[in-house]
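Following: one structure in structure tokens, then a few remarks.
Nothing fancy with the numbering, it's 1 onward along the sequence.
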Amino acid sequence: MAEAADFQGMTPSPARRWLRRTGALLAAAPLLAGFCQLPVAPSAQAAERSAVAEVSGSRTVDVSLDTLSPRVPSDGDTLTVSGKIVNKGKQTITDAHVGLRVGPTMDGRSAIDDAAQSNPYAGTDVGGKYVAKFSKLAPGVPQTFSISVPVDKLPLSSDGVYQLGVTLTGRTAAAAYDQILGIERTFLPWQPDAADTKTRTTYLWPLISTSHMTAETGSNEQQTPVFKDDDLAAEIAPGGRLQQLLALGKNLDVTWVVDPDLLASVDAMTRSYRVQVNGSSTTTTAGTHQAVAKQWLSELENTVENEEVVALPFADPDLASLAHNGKTATGSLSRLKDATTVAATTVESILHVTPRTDYAWPANGAIDPSIVKVATSAGADTVISRSDSLKEAGSLPYTPSAARPIGGGITAVVADARLSTAFQGDMTVAGNSTLAVQKFLAQSLMFSLQVPAKQRSVVVAPQRMPTASQAQAMAQALTALQDGNWSQSADLSAATKAKPDAGATTRVPSAASYPSSLRKQELPQTAFEQIERTQDNLDSFQVILADKSRVVTPFGRAMDRSMSTSWRGRSTDATLYRDGVEAYLTRLTESVGLIEKSEAKLSGRSATIPVTVQNNLVQGVDHLTLRLTSTQPSRLSIGDGAWDEQPVAVSGGHSQSVKFTTNAHANGRARVVAQLFTEDGRPYGPEVAFDVKVTEITATVMLVIAGGVLLLVLAGFRMYTQRKRAAARQATQESENAQTDGEDEDAPEASEASEAESRAHEPEHPSDRSPDTASEITDPSGTGERVDR
């Protein structure tokens, strides 16, 4: 917002006319200095500010500069300045007019920074008819203005950066004389003729977003992806942030810096996809933005066809977090290398261009030795740093070219901090955007004017995810720069190959100099430990799968996203994302496991015990071994010893029972433990323990059975003996009957023989029991599981 000055003044009383005139002279003093365009010593500047503060009192009018056209004027142009003014005071301002003041040229890049924050007003008043007049300015009522003045009417002489002030001059009832009540300052670059040696400017144009895809996929053949929200659709839709970046960037000479995760996510949206409802992992709805995704990707593909594209590692891993907190976690650095490899294939398959993958871009370009080491561990040989990290410590009187060697065959491309941070504010306010663009152009021209005869390269690396309004301001500045006379566009690769300045700093700053504000935003060590734990679980899970790619690919990319730079400043969201990935993998691994068993009963010396393996996955599982172990092998052995194991393969959506042969040695309960193992001997899933109750195999029971068999044998022998004796008696009797003709005793003897034969078929004693021939226990098994024999 503009600064305002309120000259309360004196009363019109004659007794104070002298004081009023003195105040007017004090107010005019800085104007006279501006007219002469002479540098003011620091002490004089301080006195000037003090004098103005005494006269002005409280601020009165807010002046906002909304447009300035052309941004870089040339001979024959007409400069148009427009904006608005608001009377913030309590008194109505009369006889007001808005005018322009042109101050002296800046004598360095630091002077531009200082001028943006000091000097209440300075310069030559253009005046004349080139003002916007207002008869009254009521308190709180905004008024717009527009002033057009031919450039040749402005006091512009030599090439350089001029201060440009927009002032509101008026009167109040308390001070009925002209006084400057508000001012806005900006800069006017002036170089009407083309420079003999132009600066080579490289502008990085980032296409990066936050992580949107989860690790979850549908169970169908296409593995329908699941997004945690539908925010990406809003970004690529007309008017969205990414749509604006693409639409603006295609008309500029820039180097495209893309996150392959963004491309993969938009590509997934071109087909069937689902979106979690309120972050729920169990409730999803169908995505409906396929057409928008196809349009955005198609436009991007056409735009970058012949352009330089730099691909960051997949999901833009946070290199500083890895270096400071992730190196102790096993596999973190190998995951960075894998993310770099995936980046190239992703960009090639979607955009059909071959990207550069040899650049590393730490957050805000801040580096230290450990960051450089990690950044280059995945194959990068160039680190994009920034001049507020790799600061100049030498005696160079100018800003050196971006590229410089930092040892070990590594090149640092040092982006200019002033230019790179020019558009980080709120650019939705027109006044902020106009001032940012003019300051950017002023710094760029001053860079060139430092050593006009020496060609240097400057790199601009803006914020990773500029808003739509920030992107618009960036595009306005670049358009004006590319139409100017002191700069020419260059790719990042050209800036990297440029000859370094001999006196430029090449020493990487120490770890202690890394900004604490950035360190606070890093992913903690626990985050990398959680990612490592998830990777271990994934390693155990994938070895049993018939089609590993259905799980390895989505989970691998999800763990890449867990390390993304986009989580900086969003620690809670980062934790929720990692927890979601880990929880989903746990649910999948638990889809394959053993079914709980109740107590089993064994009523003989040997039997088979079934153990059921269930697979609720869509695909089949293999390469599993089921081991059954007896904790009391002296009572119950499995196979030939304390344990036995069998290979397991189960089709998707099915279960399978695996049977083990057991041998009982004593009755009672024996504890048995079932456990699945992977091929490499790692336990898979929780074990299942159950009891086996062994009955009817003691020595007493065996004696009882043997005694029963013996009784049966003896009873049979006795019956045989009795029948044999009866037959002998019958034969003797028949012989005697043959000797006696018709004696009356025949009938009684026949009756006696018949009676004897009848007795031979009856038991010897009425108390003899029938034999027990049962071969197994017939008691009910209760609630226990009956074992197949």
Side-chain angles (χ1 to χ4, degrees), residues 213-228 264 267-268 271-277 280-287 342 533-559 579-598 608-628 644-660 673-690 785 788:
M213 291 183 67
T214 70
E216 298 184 38
T217 59
S219 59
N220 54 349
E221 185 67 24
Q222 295 75 24
Q223 285 191 270
T224 301
V226 178
F227 285 67
K228 64 184 181 70
D267 183 61
R271 299 176 292 276
S272 175
Y273 71 98
R274 299 194 67 82
V275 181
Q276 292 181 350
V277 178
S280 172
S281 59
T282 57
T283 305
T284 62
T285 184
V342 171
R533 183 171 63 247
T534 303
Q535 182 64 58
D536 289 342
N537 294 336
L538 179 63
D539 292 341
S540 298
F541 184 45
Q542 64 172 311
V543 298
I544 74 170
L545 302 176
D547 184 2
K548 297 179 176 60
S549 63
R550 288 183 62 91
V551 170
V552 173
T553 300
F555 273 100
R557 302 293 74 79
M559 283 186 283
D579 290 346
V581 173
E582 187 175 33
Y584 180 56
L585 180 59
T586 300
R587 292 201 302 272
L588 288 183
T589 56
E590 290 177 349
S591 296
V592 179
L594 301 172
I595 296 180
E596 293 287 338
K597 287 179 63 65
S598 57
T608 59
I609 296 179
V611 178
T612 302
V613 182
Q614 188 174 45
N615 176 19
N616 289 327
L617 296 175
V618 175
Q619 62 172 303
V621 296
D622 200 349
H623 310 298
L624 276 173
T625 298
L626 176 58
R627 181 181 298 175
L628 191 65
D644 193 13
E645 60 184 17
Q646 298 185 41
V648 176
V650 187
S651 301
H654 291 77
S655 60
Q656 177 180 325
S657 291
V658 182
K659 297 182 179 181
F660 292 87
V673 178
Q675 175 68 63
L676 286 170
F677 289 89
T678 57
E679 279 187 333
D680 56 0
R682 300 173 67 177
Y684 182 87
E687 64 182 28
V688 169
F690 58 95
E785 178 180 347
D788 296 335

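- Summarising the geometry of Lys597 relative to Pro610, their closest heavy-atom pair is NZ-O, 2.8 Å, with the distance given to 0.1 Å.
- For the pair Asp622 (side chain) and Ile544 (backbone), a donor-acceptor distance under 3.5 Å is absent.
- Judged by a 6.0 Å distance limit and a 45° cone about the ring axis, Arg627 is positioned over the six-membered ring of Phe677.
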Using ring pair (Phe, Tyr, Trp, His ring centres under 6.0 Å), reason through Tyr584 and Phe555 one step at a time and then give a plain yes or no. CA-CA 10 Å; Tyr584 180 56; Phe555 273 100; 5.6 Å; yes

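- Minimum interatomic distance between Ser219 and Val618 (heavy atoms only, all atoms of both residues): CB-CG2, 3.2 Å.
- Side-chain atoms of Gln619 come within 3.5 Å of backbone N or O of Asp547 as a donor-acceptor pair.
- No donor-acceptor pair closer than 3.5 Å links the side chain of Thr589 to the backbone N or O of Phe541.
- Atoms CD1 and NZ, from Ile609 and Lys659 in turn, are 12.0 Å apart once rounded to the nearest 0.5 Å.
- Contact check on Glu216 versus Lys228 returns no salt bridge, with no Lys/Arg side-chain nitrogen under 4.0 Å from an Asp/Glu carboxylate oxygen.
- The backbone N or O of Arg550 sits nowhere less than 3.5 Å from a side-chain atom of Thr553 that would complete a donor-acceptor pair.
- In this structure a side-chain-to-backbone donor-acceptor pair under 3.5 Å is present from Asn220 to Thr224.
- What you find for Asp680 and Arg682 is that their closest heavy atoms are OD2-CD, 3.2 Å.
- Summarising the geometry of Ala558 relative to Ala215, their closest heavy-atom pair is CB-CB, 3.6 Å, with the distance given to 0.1 Å.
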Decide side-chain hydrogen bond (donor to acceptor under 3.5 Å, both in side chains) for Thr612 and Ser655; before the verdict, give the C-alpha distance in whole Å, the side-chain angles of both, and the deciding distance to 0.1 Å. CA-CA 7 Å; Thr612 302; Ser655 60; over 6 Å; no

Please report the C-alpha distance between Leu588 and Leu617 in whole Å, then the side-chain angles of each, then the deciding distance to 0.1 Å, and finally whether the side-chain contact (heavy atoms from CB on, under 4.5 Å) criterion is met. CA-CA 7 Å; Leu588 288 183; Leu617 296 175; 4.1 Å; yes

